[in-house]
**Student:** 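Here's a structure for you.
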Amino acid sequence: MTFELSILGSNGALPAHGRHPTAQILNHNECYFLLDCGEGTQMRLDANNLKRGRINQIFISHLHGDHYYGLMGLITSYILLGRQQKLTVFAPPGLQSIIDVHIDIHDPNNGFEIEIIELPEPNSPALCYESSAIEVYYFPLQHRITCYGYFFKEVKQKRNVIKSKIEEYNLSVEEIIALKDGHNINRNGTDIQNKLLTKDPKAQRSYAYCTDTLPIAHHFNLLKNCDLLYHESTFLHDDEERALQTFHTTTKQAAAVAKQLNAHQLIIGHFSAKYKNLDPLLQEAKAIFENSALALEGEKFKIAYQQVAELNAQ
Ligand SMILES: [Zn+2]
Ligand SMILES: [Zn+2]
């Protein structure tokens with residue numbers, strides 16, 4: 001099952017050096033979740049061959065322009081293209097009135113439903129979306145305005161019945177369903193243990209998205225052992241004071257968060273326009289957390305199943 005992150009935009013407040021404001025597509029089993037929607041997102045979708053029509057859920061971290069000014073353009077395109085299916089946008093409070101103004105002027109009778117879910121500020125991570133395949137939690141970050149991170153986790157799958165056992169025990173459909181749910185079955189008055197007939201399901205893969213924040217995400221237990229962590233890293237560490245004043249994170253701090261969360265891989269992004277060359281940021285992160293990468297536009301990151309041995313070592 002596909003679980004892959006595409007970086008569409010990874011620069012901080014200003015577009016610079018060919019880099020665009022923040023936007024990402026998280027593809028889970030061909031469902032596209034759009035994370036933030038900075039200016040230029042539609043062009044970036046096009047450049048990456050990602051179909052905008054596949055997006056049904058959008059998650060906005062906060063209402064600084066570099067994270068949502070592309071939304072109005074995207075919605076306008078949906079109206080022009082005659083979109084039918086519902087679009088749901090999750091965001092901190094305030095987005096509904098902004099969207100309403102634009103839609104009323106453009107076309108109050110657009111053909112599709114846009115549901116804006118203004119999430120109330122939570123004290124701890126809270127579920128905001130779930131399907132049969134994935135759960136999404138939001139959690140409070142610490143920025144100059146209300147800002148949320150999002151955590152995507154696959155739903156736990158049922159147990160796998162071992163094929164050869166179906167024949168060996170002549171299992172009925174009802175028994176297979178019971179085994180998948182973790183129950184034992186009975187033969188001639190004797191219980192046959194579930195674990196003799198089934199295998200563990202695959203691990204639940206996860207992705208944590210933390211942008212525009214002071215380095216606080218390591219306080220959330222939910223994010224522990226996540227497979228992939230995106231963390232903003234606006235500045236090199238010699239700009240630590242500036243990062244603190246503007247409620248941002250340095251590369252060293254982002255790497256320390258990844259280490260404390262025991263993440264499998266870290267991607268750093270939201271780079272300040274002052275850096276043309278990003279190598280020093282990567283080197284600083286790698287010195288603390290080796291499995292770090294830059295959120296370069298056009299890059300894709302597969303979210304892989306971690307090896308059992310690796311999980312046991314954690
Ligand atoms: Zn920003
Ligand atoms: Zn911001």
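Position 1 is the first residue of the sequence, and the numbers go up from there. Predicted model, so just to flag it, every value in this text is computed and none were measured. Every number for a ligand or one of its atoms is a count from 1 in the order of the listing.
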**Student:** When you measure from the Zn ion (ligand 1) to the N, O or S atoms of His62, does any of those distances fall below 2.8 Å?
**Tutor:**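 Within the cut-off used here (under 2.8 Å), His62 places no N, O or S atom near the Zn ion (ligand 1).
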
**Student:** About how many Å separate CD1 of Ile55 and SG of Cys31, when rounded to the nearest 0.5 Å?
**Tutor:**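 Between atom SG of Cys31 and atom CD1 of Ile55 there are 12.0 Å.
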
**Student:** To the nearest 10°, what's the angle at the Zn ion (ligand 1) between atoms OD2 (Asp66) and NE2 (His270)?
**Tutor:**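 About 100°, to the nearest ten degrees.
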
**Student:** Start with the C-alpha gap between Phe90 and Tyr138, add the side-chain angles, then the distance that decides, and say whether ring pair (Phe, Tyr, Trp, His ring centres under 6.0 Å) holds.
**Tutor:** CA-CA 10 Å; Phe90 299 86; Tyr138 74 109; 8.7 Å; no

**Student:** Of the backbone and side-chain N, O or S atoms of His143, does one lie nearer to the Zn ion (ligand 2) than 2.8 Å?
**Tutor:**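 A backbone or side-chain N, O or S atom of His143 is under 2.8 Å from the Zn ion (ligand 2).
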
**Student:** Kindly state whether the ring of His270 and the ring of His67 have centres lying under 6.0 angstrom apart.
**Tutor:**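 Yes: the rings meet the under 6.0 Å criterion.
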
**Student:** Begin with the C-alpha distance, continue with both residues' side-chain angles, and end with the deciding distance and a verdict on side-chain contact (heavy atoms from CB on, under 4.5 Å) for Phe3 and Leu26.
**Tutor:** CA-CA 7 Å; Phe3 200 11; Leu26 185 65; 3.8 Å; yes

**Student:** Answer yes if the ring centres of Phe59 and Phe152 are under 6.0 angstrom apart, and no otherwise.
**Tutor:**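 Yes.
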
**Student:** Only N/O/S atoms count here: what is the atom of Asp212 closest to the Zn ion (ligand 2) called?
**Tutor:**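 Distance check against the Zn ion (ligand 2) picks out OD2 in Asp212.
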
**Student:** Could you check which N/O/S atom of His64 is closest to the Zn ion (ligand 2)?
**Tutor:**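 The His64 atom nearest to the Zn ion (ligand 2), restricting to N, O or S, is ND1.
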
